[in-house]
Protein chains: 2
Amino acid sequence: MVGIVEQHAPSAHSGQPLRASERAYWALREDIVEWRLPPGTVLGEVEQAARLGISRTPLREALGRLNAEGLTAPHAGRGVVVAAISLANVTELFELRTALECQSAALAAVRGEPAVFRQLQHEFLAAADALRGSAPDARAYYELVGRLDAAVDDAAGNTYLRQAMANLRVHLVRVRRLARDNPARLLASAAEHANIAGAIADGDGQVAAAATRIHLHQSLEHFKSTDPHHRPDLPAERTV
Amino acid sequence: MVGIVEQHAPSAHSGQPLRASERAYWALREDIVEWRLPPGTVLGEVEQAARLGISRTPLREALGRLNAEGLTAPHAGRGVVVAAISLANVTELFELRTALECQSAALAAVRGEPAVFRQLQHEFLAAADALRGSAPDARAYYELVGRLDAAVDDAAGNTYLRQAMANLRVHLVRVRRLARDNPARLLASAAEHANIAGAIADGDGQVAAAATRIHLHQSLEHFKSTDPHHRPDLPAERTV
DNA sequence: TGGGCCAGTTTTGTATACACAGAGTCGGCA
DNA sequence: TGCCGACTCTGTGTATACAAAACTGGCCCA
């Protein structure tokens with residue numbers, strides 16, 4: 001489960017005052033993603049509005065966006081509830097992710113600037129060396145992965161694809177909290193990413209897509225092997 | 001550009017009273033898709049609320065959903081404007097569509113009920129014969145295409161994939177108004193669809209994906225060949 | 001004559017008030 | 001004691017009023 005870098009609220013980067021509805025959206029989104037609001041939690045409008053210190057009107061807008069993204073689901077006559085997530089959901093998520101990221105990688109191979117991805121390839125190879133060291137810096141590695149994702153998004157140059165992946169990543173970030181990355185997996189992941197970057201730099205869309213598919217397959221297999229079913233914080237199989 | 005069947009408001013099927021925000025959403029959505037509200041139209045809140053006979057609050061909810069779907073874009077201090085759409089957008093749309101539908105077809109081949117798709121294959125072959133006749137019924141054909149789409153969605157059994165395709169189809173429906181289908185294209189399309197259905201019935205995901213890719217490629221090429229640039233109702237190249 | 005600034009106006013953002021619908025509960029009746 | 005009905009009460013859906021922000025137009029100054 002390497003490769004999903006959390007997005008933060010715009011306010012974190014630009015200090016300008018945010019609208020109340022935006023603040024509510026990001027606050028709730030983060031609370032859900034961080035599992036502070038576990039699946040099944042009912043989000044009453046008056047209750048949440050009071051908690052966030054805003055009125056119901058902007059809160060409703062925030063809830064509407066969360067519903068649209070699938071992070072919450074309207075529970076007839078009883079407000080909205082935080083959506084559940086299960087191993088079955090993760091599998092489905094990865095099926096969509098594979099489709100989107102393989103296409104992105106293939107397009108990036110055709111349209112991207114080779115130098116950019118060659119550079120990233122070298123960085124991943126260097127990162128793999130670093131991860132073999134005594135004090136592997138996982139955070140720096142995640143940052144690098146985020147840079148590759150952004151570069152691919154950018155090179156693919158497809159607004160709709162980008163937005164579809166943004167929608168998807170919200171859920172992946174949420175799942176990420178369930179995954180345990182170990183040094184061995186990080187090392188393998190670095191090599192896989194180096195392959196992806198290299199294929200894109202080569203302009204070989206077929207190989208880039210294949211490398212992406214391999215990476216995602218391995219990620220999912222690793223995730224499954226961490227046996228989420230035995231984890232108490234993972235809810236039972238429930239539909240979203 | 002064969003294969004996108006318009007979705008209708010829930011009220012059309014279930015006569016129960018709809019919330020004002022829902023009505024506003026569907027009304028605006030249809031107005032945009034049908035090009036009654038051309039790209040660039042500014043949708044003032046008070047103006048639209050008055051036009052639809054509702055208050056601003058539910059209207060804002062509707063506009064929020066339209067913005068999230070990309071049908072409109074917020075124009076600071078100037079309300080929301082109907083998003084423009086250009087040939088470049090159509091190409092991007094099809095890149096995303098290819099990724100999603102190929103994946104869907106491949107999954108359907110693995111998980112679907114073969115008999116369902118065998119039946120659809122035969123229906124498409126019969127439709128091809130009918131389209132060769134003197135009075136081709138395009139509407140019946142579109143309905144058949146819609147049935148295949150629904151069957152694939154259903155067989156793929158992936159919530160996220162389904163939702164991503166639903167989001168995409170909104171834009172495709174909108175583009176469809178620009179396309180001119182002719183009998184020859186419809187006939188070819190029927191054969192392509194028969195191939196897709198047959199491959200899924202065979203349980204061959206590879207072939208199903210390839211057949212889907214071919215169909216979408218031909219659709220896009222046909223669309224491009226209708227030369228939308230010469231059509232006056234198509235706006236100039238503008239970003240969405 | 002061109003650019004920047006200021007005020008008016010329009011439009012959005014937020015808060016509050018009200019109406020309605022559904023669920024849960026309490027009491028009465030069989 | 002169990003079941004049915006009405007009632008209450010919580011919570012959402014909608015409307016309206018107010019506040020803040022942004023655009024537009026004009027004016028002044030360089």
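These numbers come from the heavy atoms of this one structure, side chains and all, not from hydrogens, waters or symmetry mates.
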K.L.:
Could you tell me the separation between the CD atom of A:E61 and the P atom of D:dG13, rounded to a whole number of Å?
P.N.:
15 Å
K.L.:
Using only heavy-atom distances, decide whether a donor-acceptor pair under 3.5 angstrom links the side-chain of A:R56 to the base of D:dG11.
P.N.:
no
K.L.:
C:dT11 P sits how many Å from B:E45 CD, rounded?
P.N.:
10 Å
K.L.:
Given atom NE2 of A:H75 and atom C1' of D:dT12, what is their separation to the nearest angstrom?
P.N.:
15 Å
K.L.:
Side chain of A:R60: nearest nucleotide among D:dG11, D:dA15, D:dT14?
P.N.:
D:dT14
K.L.:
Using modelled atom types and a 3.5 Å cut-off, is there a donor and acceptor pairing between side-chain atoms of A:H75 and backbone atoms of A:L43?
P.N.:
no
K.L.:
In whole Å, I'd like the distance from the CG atom of A:L43 to the P atom of D:dG11.
P.N.:
13 Å
K.L.:
For the side chain of A:S21 and the base of C:dT14, is some donor closer than 3.5 Å to an acceptor across the two?
P.N.:
no
K.L.:
Nearest to the B:T57 side chain among D:dT12, C:dT14, D:dT16, which nucleotide is it?
P.N.:
D:dT16
K.L.:
Could you tell me whether B:R147 and B:D154 make a salt bridge, using a distance below 4.0 angstrom between a side-chain N and a carboxylate O?
P.N.:
no
K.L.:
Just the rounded figure in Å: distance from P of C:dG13 to CG of B:L59.
P.N.:
12 Å
K.L.:
Nearest whole angstrom, please: distance from the P of D:dG13 to the OH of B:Y25.
P.N.:
17 Å
K.L.:
Whether A:E95 and B:R111 form a salt bridge (side-chain N of Lys/Arg under 4.0 Å from carboxylate O of Asp/Glu) is what I want to check.
P.N.:
yes
K.L.:
Between P on C:dA15 and CZ on A:R19, what's the gap in Å once rounded to a whole number?
P.N.:
13 Å
K.L.:
For A:S55, enumerate each residue passing the side chain to side chain contact (heavy atoms under 4.5 Å, CB included) test, keeping only those at least two apart in sequence or located in another chain.
P.N.:
A:T57, A:P58
K.L.:
What is the distance, rounded to the nearest whole Å, between atom CD of B:E22 and atom C1' of D:dT12?
P.N.:
14 Å
K.L.:
What nucleotide among C:dG13, D:dG13, D:dT16 has an atom nearest to a side-chain atom of B:S55?
P.N.:
D:dT16
